[in-house]
Amino acid sequence: MHTVAVERASCYDPSEVAEAMGRTLASLGGMETFVRPGERVLIKPNMLAAKTPERAVTTHPEVLRAVIGLVREAGGIPLVGDSPGIGGFRAVAEKSGMAAVVREAGAELVPFDDAVAVPGSGLFRRMDVARPYLEADRLINLPKFKTHEMMTMTCAVKNLFGAVVGTAKAGWHLKAGADRELFARLLLEIYLLRPPDLTIVDGIVAMEGDGPGSGDPRPMGLILAGANAVAVDVVAAELAGIPKQLLWVERAAERLGIDGWDRSRITTVGLSPDDARVPDFRLPHLSDVQFGLPGFLKNRLRHHLTARPVPNSEGCRLCGACLDACPPRAISVRDGRLHFDYHACIRCFCCRELCPDGSLGVRDGVLLKLLKKFKE
């Protein structure tokens with residue numbers, strides 16, 4: 001059996017977050033259950049991009065502050081590291097408010113800029129992962145609860161994709177990002193390289209809609225925590241009312257027999273699921289209807305069955321972030337405008353995820369439009 005703690009925290013007031021964090025971890029035996037004196041403890045927040053905390057794109061700095069404090073009380077040496085999807089590590093740490101908290105709390109920022117080649121044990125035979133991620137004595141996973149246009153939800157397991165250093169993320173999107181099932185398997189194999197000792201989810205203000213970078217902040221008022229990241233994801237999805245058929249990572253975990261997917265073997269403590277459930281949580285844009293179709297049909301009908309990113313000429317500054325983010329290099333600038341090669345586009349929506357201005361939209365294919373109209 002796995003235990004997932006769920007507690008209420010109504011806002012990011014430092015004292016309220018610290019008190020709620022203490023209650024959450026007390027249900028799991030306290031931070032001393034996971035951290036021993038003298039251990040180097042890597043805390044891995046979500047540092048997707050250089051956004052201010054109120055945008056709900058990154059883990060809130062007050063959640064990070066509370067975790068650093070508990071690690072220090074347990075005698076651990078707190079380190080804070082990630083590899084942002086866009087922008088430099090220091091710039092993202094400063095803009096998100098995390099750098100200031102790290103300085104004030106006496107922790108250390110550790111950029112993920114040195115990769116180590118690690119043999120995989122599954123479909124993917126080799127992965128390059130950040131050295132600090134592998135070498136820390138303990139790993140605390142500190143994700144933000146958000147929607148994700150490609151994978152429906154990004155939370156515990158998906159946050160560990162940040163262990164892949166810098167531009168190597170684009171390469172993995174190119175290899176596996178055109179197929180949700182394959183990408184889910186990649187995420188799980190990264191997770192299995194170094195399962196976190198503890199996962200704590202910032203769900204105080206989550207992101208709904210077209211996340212993980214362009215959605216809307218949604219107050220949930222929750223902190224979740226558990227030792228098994230897959231189980232934490234299962235409970236988080238349940239509280240947001242996300243149907244299992246849209247949970248690619250959890251479905252892949254079940255198919256592969258990875259521990260944590262079975263809700264009947266998960267016990268929740270603290271708030272009951274009924275009391276913690278979030279009504280009318282808005283999911284991301286339905287981006288395709290090709291699930292279960294044979295490959296030859298998928299390829300022929302791809303443009304009609306899927307949604308695709310489109311530029312918003314009024315909001316676009318031609319900053320080039322989408323060009324750098326695009327794994328297959330399907331975006332270019334022509335005559336002062338963005339141009340998309342939709343034959344090369346793999347529909348991973350990295351461009352929308354990492355656009356600093358939220359100036360890329362989505363356009364549905366004909367069959368996808370018909371399906372949505374039929375469902376109304």
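Keep in mind that this is a model prediction, so the values were computed, not measured.
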Requested in this report: Would you please name every residue forming a side-chain contact (heavy atoms from CB on, under 4.5 Å) with Ala227, sequence neighbours left out?
Outcome: Phe34
Query raised in the report: With Ser15, which residues qualify under side-chain contact (heavy atoms from CB on, under 4.5 Å), at least two apart?
Result: Asp13
Query raised in the report: Can you check whether Trp172 and Phe124 have ring centres sitting under 6.0 Å from each other?
Result: yes
Requested in this report: Kindly write out the residues that satisfy side chain to side chain donor-acceptor pair (under 3.5 Å) with Asp262, not counting sequence neighbours, or none if the list is empty.
Outcome: Ser264
Query raised in the report: Asp274: what forms a side chain to side chain donor-acceptor pair (under 3.5 Å) with it, not counting sequence neighbours?
Result: Arg277
Report task. Name all residues meeting the side-chain contact (heavy atoms from CB on, under 4.5 Å) criterion together with Asp113; count only those two or more places apart in sequence or in a different chain, and write none if there are none. Result -> Pro111
Requested in this report: Under the ring-ring contact (aromatic ring centres under 6.0 Å, His included) rule, collect the residues that match up with Phe89, sequence neighbours excluded.
Outcome: none
Report task. Just grab all the side chain to side chain donor-acceptor pair (under 3.5 Å) pairs involving residues 199-208, residues at least two apart or on different chains. Result -> Tyr12-Asp202, Asn141-Thr199, Lys144-Asp202, Glu208-Arg218
Requested in this report: Quick one: list whatever passes salt bridge (charged side-chain N to carboxylate O under 4.0 Å, His left out) with Glu39, sequence neighbours left out.
Outcome: Arg138
**Report entry** Pairs involving residues 122-131, ordered by first then second residue, that meet side chain to side chain donor-acceptor pair (under 3.5 Å) (sequence neighbours left out)
**Finding:** Asp114-Arg131, Arg126-Asp128, Arg131-Glu135
Report summary line: Across all chains, not counting sequence neighbours, the side-chain contact (heavy atoms from CB on, under 4.5 Å) partners of Leu193 are Val118, Met127, Val129
Query - Any residue meeting side chain to side chain donor-acceptor pair (under 3.5 Å) with Asp280, in chain and number order, not counting sequence neighbours - result: none
Requested in this report: Would you list the pairs meeting side chain to side chain donor-acceptor pair (under 3.5 Å) in which at least one residue belongs to residues 84-102, sequence neighbours left out?
Outcome: Glu94-Arg103
